[in-house]
Amino acid sequence: MMHAAAEANRRSVQPHPRTTVVVATRNRREELLAYLGHHEAPVIVVDNASTDGSPGAVEAAFPGVRVVRLRRNRGAVGRTIGARLATTDYVAFADDDSWWAPGSLATAERLLDDHPSLGLLAASIAVGPEETPDPINEVLAASPLGPSQAGVGPRLMGFVACAAIVRREAFLSVGGFDPVVRFPGEEERVAWDLADAGWELAYAPQLLVHHHPSTHREPGETRQRELLRSGVLSALMRRSWDVVARQVSSAWDQGERGRRALVSTVPKIPSALARRRPVSEAVETAIARLGWTTRVSRGSRTAGAGDAGDAGEQHLHERVSVVMITYNRRDEALRSLERLVALPDRPPVIVVDNGSTDGTAEAIRAGYAEEPQVTLIASEQNLGAVGRNLGVEQASTEFVAFCDDDTWWEPGALTAAAEVLSRHPKLGVITGKILVEPGAREDPINAELEHSPVAGPDWLPGPALGSFLAGASIMRTEAFRDVGGFSRRLWLGGEEELMAADLATAGWELCHLPDVVVHHQASTARDPHLRRRHGLRNTLWFIWLRRPVGAALRRTRDVLAAAPRDRTTAAGIAEAVAGAGWVLRERRVLPPHVERRFLDLEYSQRHSSARQYVS
């Protein structure tokens, strides 16, 4: 039987000489002998100082397999040693209890050949004789990073080593697996470095790996502790210091398990710091966007996975709240609320009902009475945008994300925004990319945000903005309160411009991040003429409240020239003029550096197709 397996291995290495399978092992002799014959490519077995006779048994049964004997257990570094010895273009990793399904390596080679930007492909995993899909498959398929440029599948920022094939050049260029994070959780730093070097990682569900978990495995509690240790060490090597601090805090909060994990990191800290090289802003944003999902995926293959997920969930609960205002849009509000509550980020959601008469508040009470994630504030009157002020008053988190009753945040977006805000203490507002539903079409305003003419400091993680869109923005709670929230005078409609000017005057920056995505399915229950009237009025009030005399006259002329000559425009102008008394009393001209921003915006405001006062 052994002879037959060896013959099968020798025959199978011929079709795919461009890929080498690297298997790292320690003290799993029986698994090696059972599964090595299944591989369809040359195999290098790196033995991590086994004491059960594994190397000799493999050499006897599989003379075509190269066996590398290490004098001590080097963990995942064994895979790096195997990759260095390989001479093929690609390296597929396997554990001693896993193997690549027939045809998968050939398919992977074709994908990698066709897409030179791909550095790594992650395969689906089938577990045990029953071929049960591993839960990690769903996590990879649901990656919030969007499709890969190669079009292979979802873009990734992590992988499972025993189900990954790498471009050898890419893998070795980032140093492979390192001695700091021996095992498990060794994949994180490699994934980050590949992405930082410009390589793409993607999930290819058509590739398949069989995994028959060995009975010689560490207890689940031990593995969870080691994952916590690996997370801290990986963060030390590549993440910002505030992320490291939160990682340590999260581990500490997990009781005895977390404390033992932190103690075990101490001997490795000097090595981690010696290798410290923080990743780029783009990669950090992508990592943050994965947030809670990444923590779950790292634990999903072991017992106690829920514990890892709970730590991430609690962490976000302490950082981001969502404030949604609504008025007489019961169905839309319930639809958006359902999507917000279902977010893997699990943020607290504060709904402010602006005196609806269609049963909105009653429906939310009935549907979410037992849901601690949802808080309802039922106002007796319609406060417009000021309803958001009530919501922020109730928020106890560092950041607050706004939603209208016809918008909702994409999974991972809040986590990503919170990470970026944490790294930039003077960043007050992030406005995301808007996708219009149904169909997830790009809102025309996205192009203007991405190509904003406003000049900002070099440290900004995205294009600087002069204003923002409340229903698509996440704010620092401190910044919101610093300027007193939204103006009661403006009520609703273009209310953001005044707040943006006051934020900039107070020293806060605003920027656009296209990786932070919000969906907008415009309600049919809206009065476009009323919205246009208020928008025109509020724009004129802002101009007269904050712009210097010359700029105010010029902008007033441009706004009126662009508005239709109809009753709605006339009503908006009349309301603006009626408020001239309080406007003059409260007028406070912008400082020169902030006025410069609004001067930069004037051309786009005059020519924007997304900013016209029409209805």
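The shown structure was predicted, so the numbers you read here are calculated from the model rather than taken from an experiment.
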Closest non-hydrogen atom pair between [X] and [Y], with its separation:
{"X": "Arg481", "Y": "Ala395", "answer": "NH2-O, 3.1 Å"}
{"X": "Ala576", "Y": "Trp544", "answer": "O-CZ3, 3.5 Å"}
{"X": "Val244", "Y": "Ala235", "answer": "CG2-O, 3.4 Å"}
{"X": "Leu503", "Y": "Ala479", "answer": "CD2-O, 3.5 Å"}
{"X": "Leu334", "Y": "Tyr368", "answer": "O-OH, 4.4 Å"}
{"X": "Asn328", "Y": "Thr357", "answer": "OD1-N, 2.6 Å"}

Does [atom1] belonging to [X] count more than 12 external heavy atoms closer than 6.0 Å?
{"X": "Glu138", "atom1": "CD", "result": "no"}
{"X": "Trp459", "atom1": "CH2", "result": "yes"}
{"X": "Glu586", "atom1": "CD", "result": "yes"}
{"X": "Glu437", "atom1": "CD", "result": "yes"}
{"X": "Glu371", "atom1": "CD", "result": "yes"}
{"X": "Arg587", "atom1": "CZ", "result": "yes"}

Check your understanding: Are the charged groups of Arg596 and Asp600 less than 4.0 angstrom apart, N to O?
Key ->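 Counted as a salt bridge, because a side-chain N and a carboxylate O are separated by less than 4.0 Å.
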I'd like to know if the side chain of [X] and the backbone of [Y] have a donor-acceptor N/O pair within less than 3.5 Å.
{"X": "Ser422", "Y": "Ala418", "result": "yes"}
{"X": "Asp443", "Y": "Val436", "result": "no"}
{"X": "Glu495", "Y": "Gly493", "result": "yes"}
{"X": "Thr477", "Y": "Glu398", "result": "yes"}
{"X": "Thr539", "Y": "Gly535", "result": "yes"}
{"X": "Thr326", "Y": "Asp405", "result": "no"}
{"X": "Trp409", "Y": "Arg339", "result": "no"}
{"X": "Glu496", "Y": "Ala470", "result": "yes"}
{"X": "Ser356", "Y": "Asp358", "result": "no"}

Measuring only between side-chain heavy atoms, which start at C-beta, is [X] closer than 4.5 Å to [Y]?
{"X": "Ile445", "Y": "Leu469", "result": "yes"}
{"X": "Gln247", "Y": "Leu262", "result": "no"}
{"X": "Ile434", "Y": "Val518", "result": "yes"}
{"X": "Leu553", "Y": "Arg557", "result": "no"}
{"X": "Asp404", "Y": "Arg388", "result": "yes"}
{"X": "Leu427", "Y": "Cys511", "result": "yes"}

Practice item. Give the C-alpha distance, both sets of side-chain angles, the deciding distance and a yes or no for side chain to side chain contact (heavy atoms under 4.5 Å, CB included) between His424 and Glu281. Key: CA-CA 11 Å; His424 302 291; Glu281 189 72 42; 3.3 Å; yes
Hey, could you give me the [atom1]/[atom2] distance between [X] and [Y], rounded to the nearest 0.5 Å?
{"X": "Thr505", "Y": "Glu595", "atom1": "OG1", "atom2": "CD", "result": "10.0 Å"}
{"X": "Arg346", "Y": "Gln373", "atom1": "CZ", "atom2": "CD", "result": "4.0 Å"}
{"X": "Asp196", "Y": "Ile287", "atom1": "CG", "atom2": "CD1", "result": "8.0 Å"}
{"X": "Asn538", "Y": "Glu497", "atom1": "CG", "atom2": "CD", "result": "9.5 Å"}
{"X": "Thr360", "Y": "Asp331", "atom1": "OG1", "atom2": "CG", "result": "8.5 Å"}
{"X": "Ile474", "Y": "Thr431", "atom1": "CD1", "atom2": "OG1", "result": "8.0 Å"}

Practice item. Go through the side-chain N and O atoms of Thr569 and Arg532 and say whether any donor and acceptor fall under 3.5 Å apart. Key: yes
Exercise for review: Check the side chains of Ser523 and Asp406 for a donor-acceptor pair under 3.5 angstrom, ignoring hydrogens and angles.
Suggested key: no
Review point. Between Asp502 and Arg546, is a side chain to side chain contact (heavy atoms under 4.5 Å, CB included) present by the stated rule, with each step listed?
Key: CA-CA 9 Å; Asp502 290 350; Arg546 294 288 183 265; 3.0 Å; yes
Check your understanding: Should Lys433 and Glu410 be marked as a salt bridge (charged side-chain N to carboxylate O under 4.0 Å, His left out) after you check the CA-CA gap, both sets of side-chain angles, and the distance that decides it?
Key -> CA-CA 10 Å; Lys433 178 170 71 175; Glu410 184 169 290; over 6 Å; no
Review point. Relative to each other, are the rings of Phe486 and Phe468 parallel, tilted or perpendicular (30° and 60° limits)?
Key: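 Tilted: the ring planes of Phe486 and Phe468 meet at 30° to 60°.
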Review point. Can you say whether the rings of Trp408 and His519 are parallel (under 30°), tilted (30 to 60°) or perpendicular (over 60°)?
Key: parallel
Check your understanding: Passes side chain to side chain contact (heavy atoms under 4.5 Å, CB included), Arg246 versus Arg239? Steps please.
Key -> CA-CA 11 Å; Arg246 288 196 298 272; Arg239 306 293 299 277; 5.9 Å; no
Cation-pi between [X] and [Y]: NZ/CZ under 6.0 Å from ring centre and within 45° of the ring axis?
{"X": "Arg238", "Y": "Trp192", "value": "no"}
{"X": "Arg476", "Y": "Trp508", "value": "no"}
{"X": "Arg533", "Y": "Trp491", "value": "no"}

Exercise for review: Show your reasoning for whether side chain to side chain contact (heavy atoms under 4.5 Å, CB included) applies to Leu492 and Arg531.
Suggested key: CA-CA 8 Å; Leu492 187 68; Arg531 178 63 65 90; 4.0 Å; yes
